[in-house]
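These notes are about the structure you will find just below.
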Amino acid sequence: MSTQQRFTQALLSAEQTFPAGLFCHPDAESRFAVYRNNVFSSLTSALADSYPVVAQLVGAEFFAFMARVFIQTFPPCSPVLVNYGNAFADFIDTFSPAASLPYLADMARLERLRVEAYHAADFPGVGFEALSRFLEYPEQLHSLHLKLHPGTGVLCSSRAVFSLWAAHQGQGELAEVDPNHAEHLLVLRDALNVEVLLLSKACALFIQALQGGAGFGDAVCAALEEDNAFDAGPALALLIQKNLIIHAGLSEAS
Amino acid sequence: MSQYDINTPRSTRAVTHGLPARAGLGLKPDYFQPLAKGCDDLGFIEIHAENYMVAGGPFHYYLERLCEHYALSIHGVGMSIGAEGALDTEHLQRLNVLLARYQPASFSEHLAWSTHGPCFLNDLLPLQYDQQTLNRVCEHIDQVQNTLGRRMLLENPATYLQFNASTFDEPTFIREVVRRTGCGMLLDVCNVYVSCINHQWSTQEYLQALPLHETAEIHLAGFSEAFDRNGQRLLIDSHSAPVAAAIWSLYQQILEHTGPVATLIERDNELPGLAVLLAEARRAQAYLDNHGVQP
């Protein structure tokens, strides 16, 4: 086994093993622990930066414990750490010590969408004028394809993750949130600001369908299946107002 | 000797003149807005390359505006120059794209390793200083310089362990790398101090063995202090404290050898208000203005 392989295995091992014999210090083990601490504390900080509400919900000590197991199981595979933690929400789903907080994994999903929105590519919205020529001809509207900004994310949760998240931003009282109430939300970036908005389930399904490449008509149908009173007007107005439509055409944009 | 200056067509090479011999600051998102207005205390800003390997959003928005006011240094923390395995060419290409976009005055990386196989460990890990490592580090630096079409600076590490099998001392190893690859040196004064205390080396001998005339940038930072189980002082390069008195004094001494060199106040953790760091930058600038003579 090579030196760096031994070093790496010892750094990440759950048993905190030490690659004896490599170093010339009488107390190499406590010095090796400095590197181990650097690895875990820097990666835990990176996760805490991406998942601040998850960290607040469980407290610093539990978060560090959960992060340690995650890092040992899924160490980063790229130096671009902004993407680290893509698998964190799925990990939390299976992390039994966190089972008493069934909304925790979806909170991680919400926070991941916020990170992705923040760093997503820049595209200008097409604006109402460019869309109006399609809206004037209802027969074309059905096959209208809307391409959404890459920073746009939809989350359908069986838990009240929007209300829980908002309460941690000083909006609403945490004690008044019923965590078992299903909520649907939209994460977006308008100019430089990331926003999180509460949606109806029908509206969430409408936007998800558009993201999946469905035409306007099919996306409306998906929403109507959930709620036969769904009105696409306000949903479309929201997408336009937040500059989320970056291309509109009668065929799916490449 | 590196081939980057022989085989790389001139037209593909970034036109750079290095960093101005002024004080600079590591850029953090907290400082985007106040620095975007311009600030006379700073001649340059430095970013960690990997943080800007994102598609868009505020990081690029502010960096583009800041580049109108300050020279830019791009400092890599993830290339793993000392890795036993091959360099990550995908990462090198991402770096190439970033450098092509911003045309920084300087690019630097570390004498360390941070990846093994598919794992990125997010720390600057120590190298065994032997002939095999020397050859490998030089090959990797050649590859980086050839790909980027420019000279890079190599930063000396802060270390907590020495390998039994090392056959070079650290400054001699660095001198050999600089001689063979033609890279420049980013002299981290805090790292010199931390390593010398941790291994009970003489800072004077360490500095004398380095090719100080190849110093193109200096880093100044604070450290935190611990003890190993034998009660020996163990300094940690934490980037979380003000520049220590011992570092200022070593800096002053180094400037007498190097003359004025671009000097970064490096703070990555426990960030204070911008004013605190600008005061440190002004102090470094005062040393630079006096060529190392105490202002």
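Computed from a predicted structure; not experimentally measured. Convention: sequence-line order gives letters A, B, ...; per-chain numbering from 1. Hydrogens, waters and symmetry mates play no part in the numbers below; they use all other heavy atoms, side chains included.
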Once you round to the nearest 0.5 Å, how far does [atom1] of [X] lie from [atom2] of [Y]?
{"X": "A/Asn38", "Y": "B/Leu125", "atom1": "CG", "atom2": "CG", "value": "8.5 Å"}
{"X": "B/Glu50", "Y": "A/Asn83", "atom1": "CD", "atom2": "CG", "value": "12.0 Å"}
{"X": "B/Asn122", "Y": "A/Leu81", "atom1": "CG", "atom2": "CG", "value": "4.5 Å"}
{"X": "B/Leu161", "Y": "A/Leu22", "atom1": "CG", "atom2": "CG", "value": "9.0 Å"}
{"X": "A/Ser41", "Y": "B/Asn269", "atom1": "OG", "atom2": "CG", "value": "8.0 Å"}
{"X": "B/Trp113", "Y": "A/Phe7", "atom1": "CH2", "atom2": "CZ", "value": "5.5 Å"}

If you look at every heavy atom in A/Asp122 and B/Gly56, which pair is closest and at what distance?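 What the structure gives for the nearest pair is OD2-CA, 3.5 Å.
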Can you list the residues of residues 221-229 of chain B that sit under 4.5 Å from chain A, counting heavy atoms only?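 The stretch touches chain A at B/Asp228, B/Arg229.
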Sort by residue number and list every member of residues 163-170 of chain B having a non-hydrogen atom under 4.5 Å from chain A.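 Near chain A, by residue number: B/Phe163, B/Asn164.
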Residues, nucleotides or ligands: over 12 heavy atoms within 6.0 Å of B/Gln132 CD: no
Tell me whether A/Gln72 at atom CD has more than 12 heavy atoms from other residues, nucleotides or ligands lying less than 6.0 Å away.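 More than 12 heavy atoms, drawn from other residues, nucleotides or ligands, come within 6.0 Å of this atom.
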Can you tell which part of [X] gets under 4.5 Å to a heavy atom of chain B, answering side chain, backbone, both or neither?
{"X": "A/Leu12", "answer": "side chain"}
{"X": "A/Leu43", "answer": "both"}
{"X": "A/Ala120", "answer": "backbone"}
{"X": "A/Val39", "answer": "both"}
{"X": "A/Phe32", "answer": "both"}

Under a 4.5 Å cutoff for heavy-atom pairs, which residue among [options] has the most contacts with chain A?
{"options": "B/Ser80, B/Gly117, B/Gly78", "result": "B/Gly78"}
{"options": "B/Gln232, B/Gln162, B/Met79", "result": "B/Gln162"}
{"options": "B/Ser114, B/Gly85, B/Ala55", "result": "B/Ala55"}

If we only count heavy atoms from C-beta on, is the B/His116 to A/Ser2 side-chain gap below 4.5 Å? yes
Sort [X] into side chain, backbone, both or neither according to what part of it lies under 4.5 angstrom from a heavy atom of chain A.
{"X": "B/Ile236", "answer": "side chain"}
{"X": "B/Thr159", "answer": "both"}
{"X": "B/Asn198", "answer": "both"}
{"X": "B/Leu127", "answer": "side chain"}
{"X": "B/Gln128", "answer": "side chain"}

Check for a donor-acceptor pair, side chain of [X] on one end and backbone N or O of [Y] on the other, with a separation under 3.5 Å.
{"X": "B/Arg94", "Y": "A/Val80", "value": "no"}
{"X": "A/Gln4", "Y": "B/Gly82", "value": "yes"}
{"X": "A/Tyr35", "Y": "B/Tyr160", "value": "yes"}

Please identify each residue that fulfils side chain to side chain donor-acceptor pair (under 3.5 Å) with B/His48, with sequence neighbours left out. none
Please evaluate residues A/Ser78 and B/Met53 with respect to the criterion side chain to side chain contact (heavy atoms under 4.5 Å, CB included), reporting the C-alpha separation (whole Å), side-chain torsions for both, the decisive distance (0.1 Å), and the verdict. CA-CA 11 Å; A/Ser78 163; B/Met53 292 176 177; over 6 Å; no
Classify the ring geometry between B/His199 and A/His25 as parallel (under 30°), tilted (30 to 60°) or perpendicular (over 60°).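 Answer is tilted, since the angle falls between 30° and 60°.
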Within residues 161-170 of chain A or reaching into it, pairs that qualify as side chain to side chain donor-acceptor pair (under 3.5 Å) - sequence neighbours excluded: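 Matches after skipping sequence neighbours: A/Ser163-A/Glu183.
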Walk me through it: do A/Leu192 and B/Tyr62 pass the test side chain to side chain contact (heavy atoms under 4.5 Å, CB included)? CA-CA 10 Å; A/Leu192 297 179; B/Tyr62 282 107; 4.0 Å; yes
